[in-house]
Every structure is written in structure tokens, then in C-alpha cells.
Amino acid sequence: MRVTKRRSDIIELLKKEYWYAKAELDFTNPYELLVATILSAQSTDIQVNKVTKELFIVGGTPEKMSDMSVEELENRIKSIGLYKNKAKNLLAMSKILLDDYNGKVPESIEELLQLPGVGRKTANVVVSNAFNIPAIAVDTHVFRVSNRLGLVDANNVIDTEKQLMQVINRDDWSKLHHCLIFHGRRVCKARNPLCSNCSFTDKCKYYKKLPKKI
DNA sequence: AACTCGGGGCA
DNA sequence: TGCCCAGAGTT
């Protein structure tokens, strides 16, 4: 796909506006990154960071994780919510890593997707950050913002992924991912977006479609 | 496609 | 108090 000037303008402005953008979860060890990403689902990042770092004191490897009872793990991650599903999945996943992958994290999206609790977003986060495999993690913010702005025109996550990979230079994938998330959280919110505070309205497809306020 | 999991942060 | 949240699994 040819990158239009309008799109490249938006990309440059995103990078400028959110020059400080980076992941809140800064785990580089593949297993820790995998666990942290699973824990972060639908939860507040600051709390997840705290809980995850404490968890890794006792569970930073699949072996150590498997030493914990489901009750202990639940209690350790309780404060981030959705804890029963996450605890169950983390223990099941760690067992699979030990049984089938020699305690290592598999390095392909397809294998990661087979693990319990690992979906498209988590798999892409892990391979792109830990294994340098080209992938863009499309979460709710990335999906919503990139479609609203008109960086892509997609009605599902996979198409959004593919189109973003065409539109954005690979060197910028990680950076832009975080820019889109920051913009989505602070300005381009799912409900009641703060368009009056937004720097992109003159280029935004979504804004152009909004009914004019009197 | 809709529903469920969920405690904590914040207005 | 009510609303919201860097997803994934189940029905």
C-alpha cells in the first residue's frame, strides 16, 4: 500500500506529540514479558507493574511459577482483577512450557497462540519485543485510534495489523504502537473523546464525520 | 456477537 | 457511587 502524505503527516505528528511514549511494562526476559502481558489484560498498568515485580520474586520462571498453588498465585495477583482466569491460565501455561518446550517460551506466534490465556495481542507483544519478529500488537486503543485517524481502514484486528505494517516503517512500529495507546488513553477515548484537545482533528476521519456542534 | 471475569483508581 | 480498564475464553 502506498503511504499517503496525509498518513505520513499523522505518523510524524504522533511521534512528535508523544515523543516520550514507551511501554509501562518493561520486562525483557521472554517468560517474564509473557507473564506480565497476560496479567496486564484489562487491568491498570501501574498496579500490574507492582504486582508483577513482586510475583517475579517467587515466580520468575516456569519452574518457580509451577511451585505455587493456584490459591497462592490468586492471592498474589488478586489486586489486579480477573485473577481467577489469569492464575489458572498462568499455571497451565507454565506446565506446558515445562512439558513441551523445555521451560522456554516458544518463538512463533502460532505456538504462542496455543498457550492458554495467550491471544493475538499477547503473542505479538512477546515475539516483537523478545524475539525481534516483525509484529504489531493491536489492542483496543491501537485498533480504535488507528481506524479513527484513518491510518488504516479495517473492521477487525488482523486487518488493522496488516495495514499498520504497510503504513508504518518497521523501525517505528514499537514507537507508534505506544503513541497510539497514549493518544487513545488520554484524548481519543472510546467514549467521549476529547476532540477539542486533539492535535489531529484537521486530518482525522472520525472527527470529520462527527455531527457539527451548534 | 454477546457474555464473563474483577479489584482498584478516579471523577 | 458509578464508570472504566495495554484481552481472552466460552456459549
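We name chains A, B, ... by the order of the sequence lines, and we start the count at 1 in each one.
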Subject >> Length of the CD1-C1' vector between I77(A) and dG6(B), whole Å >> reply: 11 Å
**OP:** Compare the minimum distances between each of dC5(B), dA6(C), dG8(B) and the side chain of S79(A), then state the nucleotide with the smallest one.
**Re:** dG8(B)
Original post:
Going by an N to O cut-off under 4.0 Å, is there a salt bridge joining K88(A) and E74(A)?
Top reply: no
Subject >> P gap between dA8(C) and dG8(B), integer Å >> reply: 23 Å
Original post:
Would a 4.5 Å heavy-atom cut-off, applied to side chains only, mark V51(A) and K78(A) as touching?
Top reply: no
**OP:** Quote, to the nearest angstrom, the C1' distance that separates dG6(B) from dG2(C).
**Re:** 15 Å
**OP:** Take the protein atom CG of N49(A) and the nucleotide atom P of dG8(B), then report the distance between them rounded to whole Å.
**Re:** 17 Å
Anything under 3.5 Å between a protein N or O and an N or O of nucleotides 1-5 of chain C, put it in a table, one pair a line.
from: dC4(C); atom 1: OP1; to: R191(A); atom 2: NE; distance (Å): 3.2
from: dC5(C); atom 1: OP2; to: R191(A); atom 2: NH2; distance (Å): 3.1

**OP:** Could you tell me the separation between the CG atom of N85(A) and the P atom of dA8(C), rounded to a whole number of Å?
**Re:** 12 Å
Original post:
Below 4.0 angstrom from OP1 or OP2 of dG7(B), is there any side-chain N or O of Y83(A)?
Top reply: yes
**OP:** Give every residue pair that meets the ring pair (Phe, Tyr, Trp, His ring centres under 6.0 Å) criterion with at least one member in residues 3-53 of chain A, sequence neighbours excluded.
**Re:** Y18(A)-H183(A), Y20(A)-F182(A), F27(A)-F56(A)
**OP:** Have a look at K86(A) and say if it touches a base, only the backbone sugar-phosphate, or nothing, with a 4.0 Å heavy-atom cut-off.
**Re:** nothing
Subject >> Residues which pass salt bridge (charged side-chain N to carboxylate O under 4.0 Å, His left out) with D99(A), listed by chain and number, not counting sequence neighbours >> reply: K95(A)
Detail all sub-3.5 Å separations between protein N/O atoms and N/O atoms belonging to nucleotides 9-11 of chain C.
from: dG9(C); atom 1: OP1; to: G117(A); atom 2: N; distance (Å): 3.0

Subject >> Value in whole Å for how far the P atom of dA6(C) lies from OH of Y18(A) >> reply: 14 Å
Original post:
L82(A) CG to dG6(B) C1': how many Å, rounded?
Top reply: 5 Å
**OP:** Output the distance between atom OH (Y207(A)) and atom OG (S196(A)), rounded to the nearest 0.5 Å.
**Re:** 8.0 Å
Original post:
When the distance from CD of E74(A) to C1' of dC5(B) is rounded to whole Å, what number comes out?
Top reply: 12 Å
Original post:
How many angstroms lie between atom OG1 of T52(A) and atom CD1 of I80(A), to the nearest 0.5 angstrom?
Top reply: 6.0 Å
Original post:
Among dC5(B), dG7(B), dA8(C), which is the nearest nucleotide to the side chain of K78(A)?
Top reply: dG7(B)
Original post:
Who are the ring pair (Phe, Tyr, Trp, His ring centres under 6.0 Å) partners of H177(A), not counting sequence neighbours?
Top reply: none
Subject >> Rounded interatomic separation in angstrom, taking CG from L176(A) and C1' from dA6(C) >> reply: 16 Å
Original post:
Taking atom C1' of dA6(C) as reference, at what distance in whole Å does atom NZ of K22(A) sit?
Top reply: 14 Å
Subject >> Partner set under salt bridge (charged side-chain N to carboxylate O under 4.0 Å, His left out) for R76(A), not counting sequence neighbours >> reply: E72(A)
Original post:
Taking C-beta and beyond as the side chain, do I46(A) and K50(A) meet within less than 4.5 Å on heavy atoms?
Top reply: no
